[in-house]
Amino acid sequence: MEEFYSFGEIEKRWQAIWAERGVFECHEDEGKQKFYCLEMYPYPSGKLHMGHVRNYAIGDAIARFKLMNGFSVMHPMGWDAFGLPAENAAIERGIHPAKWTYANIDNMRDQFKRIGYSFDWSREVATCDPSYYRWCQWLFLQMLKKGIAYRKTTDVNWCESCRTVLANEQVESGNVCWRCGKEVEIREMEGWFLKITDYADELLSHHEKLSGHWPDRVLTMQKNWIGRSEGAYVDFPLVNSERKIRVFTTRPDTLFGATFMVLAPENPLVIEIADSSERRQELQRFADKAKHADIIERTDIGIPKEGCFTGSYAINPMTGEKIPIWVSDFVLWGYGTGAIMSVPAHDQRDFEFARKYDLPIRIVIAPEGRDLDPGKMTEAFEAVGRMVNSSAFNGLSSDVGIREITRFLEEKGIGEHAVTYRLRDWGISRQRYWGTPIPVIYCDSCGTVPVPETDLPVILPQDISFDWSRGGNPLNQALEFVSTTCPVCGKPARRETDTMDTFIDSSWYFSRYCDPRNDQQIVDPKKNDYWLPVDQYIGGIEHAVMHLLYARFIHKIIRDLGYSKTDEPFANLLTQGMVCLEVLRCPRDGYLYPDEAIDNGNGSYTCRMCGSEAEVGRSEKMSKSKRNTKDPEDYLARFGADTIRMFSLFAAPPVRDLDWSDSGVEGVFRFLKRIWRFVFDHLELLKNCAAENVIEFLPGTGSTDELRQKTHAAIKRISQDFDGRYRFNTSISACMEIVNYLYAMEIPEGGHPDYSATRAVVREAVRAMIQVLNPFAPHIMEELWSLLGGSALLATGPWPAWDEAIAREKMIEIPVQVNGKIRTRLEVPADTPDEILEELVRNDETVNSWLNGQSIGKIIIVPNRLINVVIKK
RNA sequence: GCCGGAAUGGCGGAAUUGGCAGACGCAAGGGACUUAAAAUCCCUCGGCCUUUAAGGCUGUCCGGGUUCGAUUCCCGGUUCCGGCACCA
């Protein structure tokens, strides 16, 4: 053993041994309990960043812990390899997307291996490989067959900077592209959609299975996104026409208060019902304006809503009254029926609209214990109450009224109970090259024809020109790809040139890992049944509604196709926090790299370029644009893989954001060196302790008993931390305490009467430390394990057991309070009976001095924790 | 506007079920070793007050409440972060 911890050589050696022996390669083993540990696979952007290091360090700790505990562990890795950056690189630098992507994959795989993650590389997949995307295409064909995939022309979100359509989930803050941050525009386009709305109810109700296993906020975000609302459809007949206008309302109890109607400008009825050609033109202009209005302006709550009268009237089916029909852009064409009944007394938007255009307001819901006056109201009364001005329904409470009115509507055939969702169907067509080709063919005679399954995969052509000046998707220019023959009639036909949203690729990759080389089917159902669901899924919160909703949806389709028995793909979800660092900002030169500023040592920084004082901003997510990134490679070279892994687990609990700290990294490095040196300094005493299964303990001194107790308590604590709590920062600190204790302890020389007793306890402690730290710093621990005589690999265990009796402290210092303030402490054996404690307290000098001659009211004893003496009032 | 989450020393964080606030680490200060530096080891370290020892008061965003006892539970508020934002 060398005196100094040479991490570089140690890490390289053990990585080679693990790979050689295939320790992390897994297979279905019915004799063992399985554990599927998965971190969200990365986009191969070129190199790993600190967020990756952390994400995979968390998963690796869990996977390694399970492996040491005898589970059959699957911990796979692959690449979310289709996507825009590859294509942009091709345009900017003339490198083919495939070449760029595979070069990045090679580099990142090499980085992963040098960090020593316990991935089963034999299961690696890359979504841009035809053997993978073939099954995306197959899945699409199955959805087409079932009517889940369909084509329509509709308003879509178009990002000009990415030159493609985006799904609703991929538009942030109302109008911003999730990828590039630029504003999106609404365009009418034709494209492919998946009927995720068919699964809305199930996606929502299965939250029940996830509750308690997924973070509440992810479930809440999905719930809001799905946006279920329950109410009724109501038909309003038009005056002088056979036509009806159907509306959706969540408040049938307010139906008597509907004094006008409003249509969305896009609603085709608008033009149809206009009462004159003049009016028609006016309405057309209004609709055009609404269509081209800025999305933010149109949807901002604060801005008063413009409206336009159609000249037509409808009949309120309850009151029989004639009510005017208006048009306004606050009514959305994509939600409900694109038309509403307006109840200005009980809906704020309707109220504001009614005030602006002087439309009637009628109270039909009375709050408990007060009266409303339509003339004096300043806002709508939106809460529930008792029905008034509602004929036979007067006096009913809102909830009863909703039921009764709905029943009445159904009896009369003028409405029905209804559920609507905010969720829209998922638009998956992307007008870009680097994605999975959508396997359909357009034939002039036969229409839209699916590519026969036997012809899959439809290969993405490699020879392609990325000349955007010619407009549109580069695939359009690939004539050999586009021109084909119709599979039905054999006449010339053209292929679809749009590719699939890459979120499709990532919606089922966890299934493919179960059977990654299968070229007969998407996955062998037996293998899916063995491994799924993923027992622990780990990734960033940014995918709360995108990836995590899509994957749940696609998995249900895979289930319905008979390839899985599980309803939900991810049994437990952990969303890790971001890796953050303070930003440096110069008032003139913007964000600065650390070496662009001079550290004045007093917390202030000077910009090297212009000499002005740079502001130290708050800690923000590491990003290139803010220039506050740290390259894992630098730390790998200076401290090694074990140190960066352990730091990223120690600095904060996984779910929280982590502030990067160079001195914190050094602290962890020091800790590993301390362990190394302790073993080196006590090599003779520790020799072969890893090979020892049973240790003979001798009656010890105070400190040996204490060390044993601390060792067992630490094993217990860390084992329990792995059971879903995953607070590795405290696991590591428990080990630091043991190591500190070992350093502080007097370890007698051989021949001393206490030597044997101390030796046994120290050997046990060091052995256990090496074992429990292995999931966090596997290379150094594997090395120490082998140096201390471990014959098998530590990676496969064993995990140490703890003895409950030893883990419990023998002597306890119990704080004694008088009226809630600590005044003294009692040193007593654990589990001392209450009577004895009470006796001790009553006779205690300090306690009595704090009584000031008053008598004791009662004594509260919390076993082994605390005593509180309450003075009688 | 609505819905979540958070707030603890100079900093990251700990306190698992209402029971010792500040574990562990960083930074800082002091000391040992060294010709020196690095490395390493040891000590101190929330604030205020008194001090010979030791102790007292105060302190977990702010204001109330429940309780023998509240970082933890309840009510009201502040600030920050995130999500959704005319969804009828």
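Letters go in sequence order (proteins before strands), and every chain restarts at 1. Just so it is clear, the structure is predicted and the values come from calculations on it, not from any experiment.
Inspection of the His417(A) and Glu230(A) side chains reveals an N or O donor paired with an N or O acceptor under 3.5 Å. Between the side chains of Thr420(A) and Tyr335(A), a donor-acceptor pair is found at a separation under 3.5 Å. When only modelled atom types and interatomic distance are considered, Arg552(A) and His207(A) share a side-chain donor-acceptor pair under 3.5 Å. Side-chain contact check for Glu615(A) and Tyr605(A): no donor-acceptor pair (N or O, by modelled atom type) lies under 3.5 Å.
The interatomic distance linking Gln817(A) (CD) with G19(B) (P) rounds to 12 Å, in whole Å. Whole-Å rounding puts the Asp329(A) CG to C87(B) P distance at 13 Å. Atom CD in Glu2(A) sits about 20 Å away from atom P in A39(B), given to the nearest Å. In this structure, the CH2 atom of Trp850(A) is 11 Å from the P atom of G55(B), given to the nearest Å. Counting to the nearest Å, the P atom of C80(B) and the NZ atom of Lys621(A) are 22 Å from each other. The separation between Arg670(A) atom CZ and C42(B) atom C1' is 14 Å, rounded to whole Å. As rounded to whole Å, 15 Å separates atom P of C26(B) from atom CG of Asn729(A). Here G13(B) presents its C1' atom at 14 Å from CD of Glu737(A), a figure rounded to the nearest Å.
Here Asp657(A) lies in heavy-atom contact (under 4.0 Å) with sugar-phosphate atoms only. Residue contacts shown for Ser229(A) are limited to sugar-phosphate atoms, with no base heavy atom under 4.0 Å away. Base engagement by Arg424(A) is indicated by at least one non-hydrogen atom pair under 4.0 Å involving a base atom. Nucleic acid contact for Arg717(A): base, since at least one base atom lies under 4.0 Å from a heavy atom of the residue. Using a 4.0 Å heavy-atom distance criterion, Lys872(A) is classed as making no nucleic acid contact. Counting non-hydrogen atoms under 4.0 angstrom, Lys223(A) reaches nothing in the nucleic acid. Within the nucleic acid shown, Asp216(A) has no heavy atom closer than 4.0 Å to any nucleic acid atom. Within the 4.0 angstrom heavy-atom criterion, no nucleotide atom of any strand lies near Gly227(A). At a threshold of 4.0 angstrom between heavy atoms, the contacts of Arg674(A) are confined to the sugar-phosphate backbone, with no base atom among them. In this structure, Arg422(A) reaches the bases: a heavy-atom distance under 4.0 Å links it to at least one base atom across the strands shown.
Cation-pi contact between Arg674(A) and Phe671(A): absent, since separation from the ring centre below 6.0 Å together with deviation from the ring axis within 45° is not met.
Where Arg727(A) and Ser661(A) each meet RNA chain B at their nearest nucleotide, the meeting point lying more 5' is that of Arg727(A). Each of Arg823(A) and Arg725(A) was assigned the nucleotide of RNA chain B with the nearest heavy atom; the assignment lying further toward the 5' end belongs to Arg725(A).
Nucleotides G64(B) and G5(B) place their C1' atoms 24 Å apart, quoted to the nearest Å. Distance noted for atom P between C48(B) and C43(B): 24 Å (whole Å). Using atom C1' as the reference point in both C75(B) and A70(B), the two lie 15 Å apart (nearest Å). A gap of 11 Å separates the C1' atoms of G30(B) and C45(B), to the nearest Å. C73(B) and U60(B) are spaced 16 Å apart, taking the P atom of each and rounding to whole Å.
Side-chain proximity of Trp225(A) to U40(B), G25(B), C84(B): nearest is C84(B). Comparing atom distances between the Leu866(A) side chain and each of C20(B), A88(B), G56(B) picks out C20(B) as nearest. With C87(B), G13(B), C41(B) as the candidates, the nucleotide lying closest to the side chain of Tyr743(A) is C41(B). When each of C26(B), G19(B), A85(B) is scored by its nearest atom to the side-chain atoms of Ser663(A), the top-ranked nucleotide is C26(B). Side-chain atoms of Met221(A) lie closest to G83(B) of the nucleotides A39(B), G83(B), A15(B). Closest to the side chain of Val870(A), from the set A88(B), C3(B), C68(B), is C68(B). Of the candidate nucleotides A21(B), G25(B), G13(B), G25(B) has the atom nearest to the side chain of Phe650(A). Across U58(B), A88(B), A21(B), the shortest atom-to-atom separation from the side chain of Ile822(A) is found for A21(B). The listed nucleotides are C20(B), C26(B), G12(B); the one nearest the side chain of Pro815(A) is C20(B). Of the candidate nucleotides C87(B), A14(B), C68(B), C87(B) has the atom nearest to the side chain of Leu332(A).
Evaluation of atom-type donor-acceptor distances gives no pair under 3.5 Å for the side chain of Arg865(A) against the base of C20(B). A donor-acceptor contact under 3.5 angstrom links the side-chain atoms of Asn868(A) to the base of C68(B).
Taking SG of Cys580(A) as the start and CD of Glu620(A) as the end, the distance is 8.0 Å to the nearest 0.5 Å.
Applying the ring pair (Phe, Tyr, Trp, His ring centres under 6.0 Å) test to Phe248(A) and every residue at least two apart in sequence or in another chain returns Tyr233(A).
When Watson-Crick and G-U wobble pairs are counted only if both distances are under 3.5 Å, C45(B) pairs with no nucleotide at all. In this structure, C68(B) and G19(B) make a Watson-Crick or G-U wobble pair, each of the two defining distances being under 3.5 angstrom. The partner of C24(B), taking Watson-Crick or G-U wobble pairs whose two distances both stay under 3.5 Å, is G12(B). Base pairing analysis places C80(B) opposite G5(B); the two distances defining the Watson-Crick or G-U wobble pair are each below 3.5 Å. When both distances must be under 3.5 Å, the Watson-Crick or G-U wobble mate of A36(B) does not exist.
The number of heavy-atom neighbours closer than 6.0 Å to CD of Glu838(A), taken from other residues, nucleotides and ligands shown, is above 12.
With hydrogens and angles disregarded, a donor-acceptor distance shorter than 3.5 Å links the side chain of Asn267(A) to the backbone of Gly338(A).
For G22(B), the glycosidic angle deviates from 0 by more than 90°, giving an anti base.
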